[in-house]
Novice: 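One structure, pasted below without further comment.
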Amino acid sequence: KKDLPAEYGKQWYQRRVRVSGFLYSEIALALLLSIPWISCKRWHRIFNSSLVALIGSYVNWIFICFLSCLVVLFADSIREMYVYTGKDKQVDVAGASTPAAQEHILMRLFRAQRNFYITGISLFLLIVLRTMLTRVSRVARLEANYEAMQKQAVSAGSMNKKLLDENSALKKMTEGKEDMLEEVKKMEELKDQVKAAEKKAATSKADAEAMRKQSENLTMEYDRLLIEHQKLQDLITPSDKKDD
């Protein structure tokens, strides 16, 4: 079989450089996500930034594109490994090639294995990074919600305490007002009793006045009767004297 053209080898070199650069980028991003002093709150701010939000709207398509490219490269590296595995033995059996040809085949096999490991690790790290970014974003969102809920709970607790204090103050004011209402009721009852006593006194006074007038009338009637009785006695007394 003829050797592959130099242009094909150059293309494979460019692919290897790109995949290696992508692998190094994945390792750097994984290390960045693993840094302990970058809190999830800061990651949440970064994820909520306008630039990341713009990229996040296309993140699924970007992930699918990179995944598809890495799967294709991984499958091609497996194919090359299968092609060049055992080819050096075939050359030895044929005995028609020089050791340089066998070394060339081994070099191609080494490149295929190297591409296999690079693309395989890149593919694995891509899936791991996807999971890590999803989990970090979710944890950051949960922490932000937890902080918001904690602030709401603190504000609700302070508001509840304030309402309890106001309720206690209102109870004290109500108790004082109840005492005042009881005093007012007692005063109203006393006023009613005084009014009733005044009515009774007025009734008694009216009865006494009526009895006084009745007594005066009786006295006058008695005096009149005495006068008439005296007149009758005076009339009767001269006639008795004549009879004598």
Side-chain angles (χ1 to χ4, degrees), residues 1-40 42-49 51-142:
K1 294 182 180 179
K2 295 181 180 180
D3 293 335
L4 294 174
E7 187 68 25
Y8 183 77
K10 188 177 180 181
Q11 289 179 1
W12 259 111
Y13 175 76
Q14 292 177 357
R15 291 177 189 175
R16 181 181 66 82
V17 171
R18 291 172 185 172
V19 174
S20 300
F22 184 72
L23 176 61
Y24 297 148
S25 301
E26 287 179 332
I27 294 172
L29 183 58
L31 291 175
L32 186 63
L33 290 173
S34 303
I35 293 175
W37 57 81
I38 299 178
S39 62
C40 292
R42 187 169 296 176
W43 282 118
H44 182 66
R45 291 178 181 175
I46 294 171
F47 291 152
N48 286 334
S49 62
L51 180 61
V52 177
L54 181 63
I55 298 173
S57 60
Y58 302 100
V59 68
N60 291 325
W61 293 102
I62 295 171
F63 174 76
I64 291 171
C65 290
F66 280 110
L67 184 65
S68 302
C69 293
L70 288 176
V71 167
V72 171
L73 293 175
F74 184 70
D76 191 69
S77 63
I78 293 174
R79 182 189 63 80
E80 282 198 349
M81 285 176 59
Y82 178 75
V83 169
Y84 291 108
T85 300
K87 213 170 187 184
D88 55 344
K89 296 179 181 179
Q90 294 177 6
V91 171
D92 290 336
V93 171
S97 299
T98 62
Q102 185 178 1
E103 184 179 354
H104 183 72
I105 292 171
L106 290 175
M107 183 184 65
R108 290 293 181 90
L109 179 61
F110 169 74
R111 288 180 180 178
Q113 291 174 350
R114 180 190 59 192
N115 295 332
F116 170 78
Y117 289 118
I118 290 174
T119 53
I121 295 171
S122 299
L123 184 61
F124 174 74
L125 282 179
L126 181 64
I127 298 171
V128 171
L129 284 175
R130 168 78 173 182
T131 306
M132 287 180 66
L133 287 171
T134 304
R135 297 292 174 84
V136 169
S137 177
R138 188 175 298 172
V139 171
R141 194 181 304 111
L142 288 175

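Bear in mind that the values here come from a model prediction, so they are computed numbers and not experimental data.
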Novice: Rounded to the nearest 0.5 Å, what separation is found between the OH atom of Tyr117 and the OG atom of Ser122?
Specialist: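 Here the interatomic distance stands at 14.0 Å.
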
Novice: Could you please spell out the steps behind the side-chain contact (heavy atoms from CB on, under 4.5 Å) verdict for Phe66 and Cys69?
Specialist: CA-CA 5 Å; Phe66 280 110; Cys69 293; 5.8 Å; no

Novice: Under the side chain to side chain donor-acceptor pair (under 3.5 Å) test, which residues partner Arg114, sequence neighbours left out?
Specialist: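 Checked Arg114 against side chain to side chain donor-acceptor pair (under 3.5 Å); zero matches.
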
Novice: First locate atom CG of Leu32, then atom OG of Ser25, and finally report the distance between them rounded to the nearest 0.5 Å.
Specialist: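 Result: 12.0 Å between the selected atoms.
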
Novice: Nearest 0.5 angstrom please: Leu23 CG to Leu70 CG, how far?
Specialist: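 The distance works out to 9.5 Å.
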
Novice: Within this structure, what is the CG-CG distance for the pair Asn115 and Leu73, rounded to the nearest 0.5 Å?
Specialist: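 Going from CG on Asn115 over to CG on Leu73, the span is 8.0 Å.
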
Novice: Show which side-chain atoms of residues 127-134 pair as donor or acceptor with protein atoms under 3.5 Å away, not counting sequence neighbours.
Specialist:
| residue | atom | partner | partner atom | Å |
| --- | --- | --- | --- | --- |
| Arg130 | NH1 | Asn60 | OD1 | 3.4 |
| Arg130 | NH2 | Asn60 | OD1 | 2.9 |
| Thr131 | OG1 | Ile127 | O | 3.0 |
| Thr134 | OG1 | Arg130 | O | 2.8 |

Novice: Is the backbone of Val72 close enough, under 3.5 Å, to the side chain of Asp76 for a donor and an acceptor to pair up by distance?
Specialist: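 Absent.
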
Novice: Within this structure, what is the CD-CD distance for the pair Gln113 and Glu80, rounded to the nearest 0.5 Å?
Specialist: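 Here the interatomic distance stands at 11.0 Å.
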
Novice: Hey, is the main chain of Leu125 close enough, under 3.5 Å, to the side chain of Glu26 for a donor-acceptor pair?
Specialist: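 Side chain of Glu26 to backbone of Leu125: no pair is present.
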
Novice: Using side-chain heavy atoms (C-beta onward) and a distance below 4.5 Å, is Ile78 in contact with Tyr82?
Specialist: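 With C-beta onward as the side chain, the pair stays apart.
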
Novice: Kindly give the heavy-atom pair with the smallest separation between Phe22 and Leu126, and that separation in Å.
Specialist: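 Closest heavy-atom pair between Phe22 and Leu126: CZ-CD1, 4.0 Å.
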
Novice: How about Phe63: does its CZ atom have over 12 heavy atoms from other parts shown lying under 6.0 Å from it?
Specialist: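 Yes.
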
Novice: List for me each residue that meets ring-ring contact (aromatic ring centres under 6.0 Å, His included) alongside Phe124, sequence neighbours excluded, and say none if there are none.
Specialist: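 Here no residue qualifies.
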
